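For reference, the structure is listed below as C-alpha cells.
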Amino acid sequence: MSQQGAALQEYNNELVKCIEDLCSKRDELHRQIVVEEEEKSKIQNDLRILTERLARVNESLAKKIAARTEYDRTIAETEAAYVKILESSQTLLQVLKSETVALKDKSGKGGDGRGGAGAGQSAEAS
C-alpha cells in the first residue's frame, strides 16, 4: 500500500504542477487581454476623436466649396458683363468714328469743318 500511496502522491504532485502551469498560462493570457483591451479602448477613443475631426473638416470643406462655387459664378457673370461692356464700347467707338467721318465729309463740302468757311463767307458778305 505504501507503493500505492507513493504513486498517488506522485500523481497528486503532477496534478498540482499541471494546475499551476494552467493557472500561470491563464494569468499571462489575462495580462495580454488587459493590455489589448486598454489598447482597444485607446484606439476607440482616437477613432472617436478622428471621426469628430473628420466631420468638422468635411463641414468646413463643404462650406468652402460652396463659397468657391459662388466666387466662380460671380466671376463668370462679371467677366460676361465686362465682355458686353467692351463690345458696346467698341461699337460706340465705331459709330463715333463713322459719325466723325460723315461730319467731316459734310463740313468739307461747306468749309474746313470748324465753321471757318462759313465765317469767311459772312466776312466777305460784309
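If you're wondering where the values come from, they're calculated on a predicted model, not measured in any experiment. We're numbering straight along the sequence, starting at 1. Hydrogens, waters and symmetry mates are skipped; everything else that's a heavy atom, side chains included, is used.
- Within the structure, the side chain to side chain donor-acceptor pair (under 3.5 Å) test picks out the following pairs touching residues 5-23 (sequence neighbours left out): Q9-N13.
- For the atom pair L103 CG and S98 OG, the distance stands at 11.0 Å (nearest 0.5 Å).
- Residue pairs meeting the side chain to side chain donor-acceptor pair (under 3.5 Å) criterion with at least one partner in residues 73-90, sequence neighbours excluded, are E70-R73, R73-E77.
- For the pair L54/L50, no side-chain contact is recorded, criterion being any heavy-atom separation below 4.5 Å from C-beta on.
- Atom CG of N58 sits about 9.0 Å away from atom CD1 of I65, to the nearest 0.5 Å.
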Could you pull out all donor-acceptor pairs under 3.5 Å where a side-chain atom in residues 29-41 meets a protein atom, sequence neighbours excluded?
from, atom 1, to, atom 2, distance (Å)
R31, NE, E28, OE1, 3.4
R31, NH2, E28, OE1, 3.0
Q32, NE2, E28, OE2, 3.3

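- Here E52 contributes atom CD and L47 contributes atom CG; the two are 10.0 Å apart, rounded to the nearest 0.5 Å.
- Atom CG of residue L22 and atom CG of residue D27 lie 11.0 Å apart, to the nearest 0.5 angstrom.
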